[in-house]
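Both counts, for ligands and for their atoms, begin at 1 and track the order of listing. For clarity, every value in this text was computed on a predicted model and none was experimentally measured. Sequence positions, counted from 1, serve as the residue numbers for this chain.
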Amino acid sequence: MSVMVNLDGVSKTYGRATVVGPITVDLRPGVIGLLGPNGAGKTTLLRLLSTALPSSTGRITIAGFDVCATHANRVAARRRLGYCPQEVTFPRGMTAFGFVEYIAVLKEWKDADTRHREVRRVLDLVDLGDRTAMKVSKLSGGQRRRLAIAQALIGAPDLLLLDEPTTGLDPEQRASLRGLLSGLAGTVLISTHQTEDVSALCDRVLVIDAGVIHFDGAVPEFLATAAGRVHLGPTASPGAVQTWKTGTGLVRSVGGQPAPDSSVVDPSVEDAYLLLRSAERTRQGVV
Ligand SMILES: Nc1ncnc2c1ncn2[C@@H]1O[C@H](COP(=O)(O)OP(=O)(O)OP(=O)(O)O)[C@@H](O)[C@H]1O
């Protein structure tokens, strides 16, 4: 599969603080989940890829265009990508259709008929086809989130960058969004705290912390890091990273020494993530 994005020694520094990098990684077509704790640098990385933010060092190449080199390259890359930020501010008074059309105009969709068809297409994709004439201010939080995603889908971009897209969506809408994203042909990078979205949707997972990649691999490889380390039993495993009493009354323990009468259970992406975070804290000497 061809490389859609290449980051070569990319970093972002504010003052003396390096919040991302240096990162060197290739992104190919597929759905990639980006996990990491609050403040890990996920949004900053997506903003770097969206070309909204210049990198401090390194080179970012999108669809063959070195976006750090020239403005013309950035414009060419922007024509190939869609970006849904974590928070979108909607201009006052606009309808759902008006907002997406406004973005389409900014994206140089000059012919009105073609543009209107495209706006209707992306609104249908996010199940807002029956809300086109509604004022954005009258939409629910989840509907506004879907509207923000719709604008990123204009023109079926080769690179789709989604910052916490499922936050605030109800289970049906979350499943519907999964259906939509899994049917796309391009490279989709999703920053999320929803580990179940990663297991349901992603073929690759990147875990970052303090701006650095700590895991990069297929979801089954990530799950394998937790194999045999998650237990269910009447009591908690001594030394476990996390334990909680489940609805069945049994205690699920992630890591630690298995307690008597406990059994090994299949790990989830969340378990693998918790174990990776714990190992990283230990490595850094943080208790
Ligand atoms: N404009 C800025 N100036 C200085 N520091 C910044 C700026 N933007 C982000 N940071 C810092 O960069 C780090 C990474 O922030 P970022 O928003 O990328 O994290 P995140 O992984 O998206 O977090 P969250 O999961 O909470 O959304 C944080 O420490 C943040 O305070």
Pick one of side chain, backbone, both or neither for how Ala17 approaches ligand 1, counting any non-hydrogen atom pair under 4.0 Å. neither
Between [X] and [Y], is there a side-chain N and carboxylate O pair less than 4.0 Å apart?
| X | Y | value |
| --- | --- | --- |
| Glu118 | Arg115 | no |
| Asp209 | Arg277 | yes |
| Glu280 | Arg283 | yes |
| Lys42 | Glu164 | no |

What residue and heavy atom of the protein are closest to [atom], and at what distance?
| atom | result |
| --- | --- |
| atom 27 (O) of ligand 1 | Gln86 NE2, 3.3 Å |
| atom 10 (N) of ligand 1 | Tyr14 CE1, 3.9 Å |
| atom 16 (P) of ligand 1 | Thr44 OG1, 3.6 Å |

Is there at least one pair of N or O atoms, one from Val19 and one from ligand 1, spaced under 3.5 Å apart? no
Any N/O of Gly36 closer than 3.5 Å to an N/O of ligand 1? no
Between CG of Leu46 and CG of Asp163, what distance do you get to the nearest 0.5 Å? 5.0 Å
Looking only at non-hydrogen atoms, the one of Gly15, Gly41, Ser191 nearest atom 19 (O) of ligand 1 is Gly41
Got a protein heavy atom sitting under 4.0 Å from atom 5 (N) of ligand 1? yes
